[in-house]
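This report refers to the structure that appears directly beneath it.
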Amino acid sequence: PADMDEITAIAKKHGLLVIEDACQAFGASYKGRPVGSIGDAACFSFFPTKNLGTLGDGGMVTISDPDAARQLRTLRTHGTSKKYFHDKIGFNSRLDELHAAAL
Ligand SMILES: *Cc1c(COP(=O)(O)O)cnc(C)c1O
């Protein structure tokens, strides 16, 4: 992993969020903390060529802020928080059962 202490310090100094690119870092840790739990959010890739790949595109976000997590859940299901009510423009980013089974 990158020097997360230094990155976190720079982000704090400038009021920035830290988004970890942990796409192929499953199982890695930094000073005893698993990657994906250090920044404000982290992204993991399940693309077929990755070290944890599924049959097509897929990925995962880890995030600590509950409000931001709610926003992401809404965005991944076409911007809907309640079935058939679209509060915002989102996208289809659910991981289907076949891909989940492959993972
Ligand atoms: C693959 C990869 C990405 C992009 O992931 P996608 O699932 O293709 O969007 C970004 N960062 C790293 C380190 C990667 O290995």
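Computed over heavy atoms, backbone and side chain alike; hydrogens, waters and symmetry mates excluded. Note that ligands are numbered from 1 as they come in the structure, with each ligand's atoms numbered from 1 the same way. Residue indices begin at 1 and follow the sequence shown.
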| message | Once side chain to side chain contact (heavy atoms under 4.5 Å, CB included) is applied, do any residues pair with Ala9, and if so which ones, sequence neighbours excluded? | response | none

| task | Would you confirm whether Asp21, through its side chain, and Cys23, through its main-chain N or O, come within 3.5 Å as a donor-acceptor pair? | result | yes

| request: Output yes when a side-chain donor or acceptor of Thr62 lies under 3.5 Å from a complementary backbone atom of Gly36, and no otherwise. | output: yes

| task | Look at atom CZ of Phe91 and say whether more than 12 heavy atoms of other residues, nucleotides or ligands are closer to it than 6.0 Å. | result | yes

Between ligand 1 and the protein, tabulate every N or O atom pair separated by less than 3.5 Å, reporting distance only.
from	atom 1	to	atom 2	distance (Å)
ligand 1	7 (O)	Ser45	OG	2.6
ligand 1	11 (N)	Asp21	OD1	3.0
ligand 1	11 (N)	Asp21	OD2	2.7
ligand 1	15 (O)	Gln24	NE2	3.1
ligand 1	15 (O)	Lys50	NZ	2.7

| Among Thr77, Thr80, Thr74, which residue meets the side-chain contact (heavy atoms from CB on, under 4.5 Å) test with His86? | Thr80

| field | Ion pair check, Lys82 and Asp87, cut-off under 4.0 Å | value | no

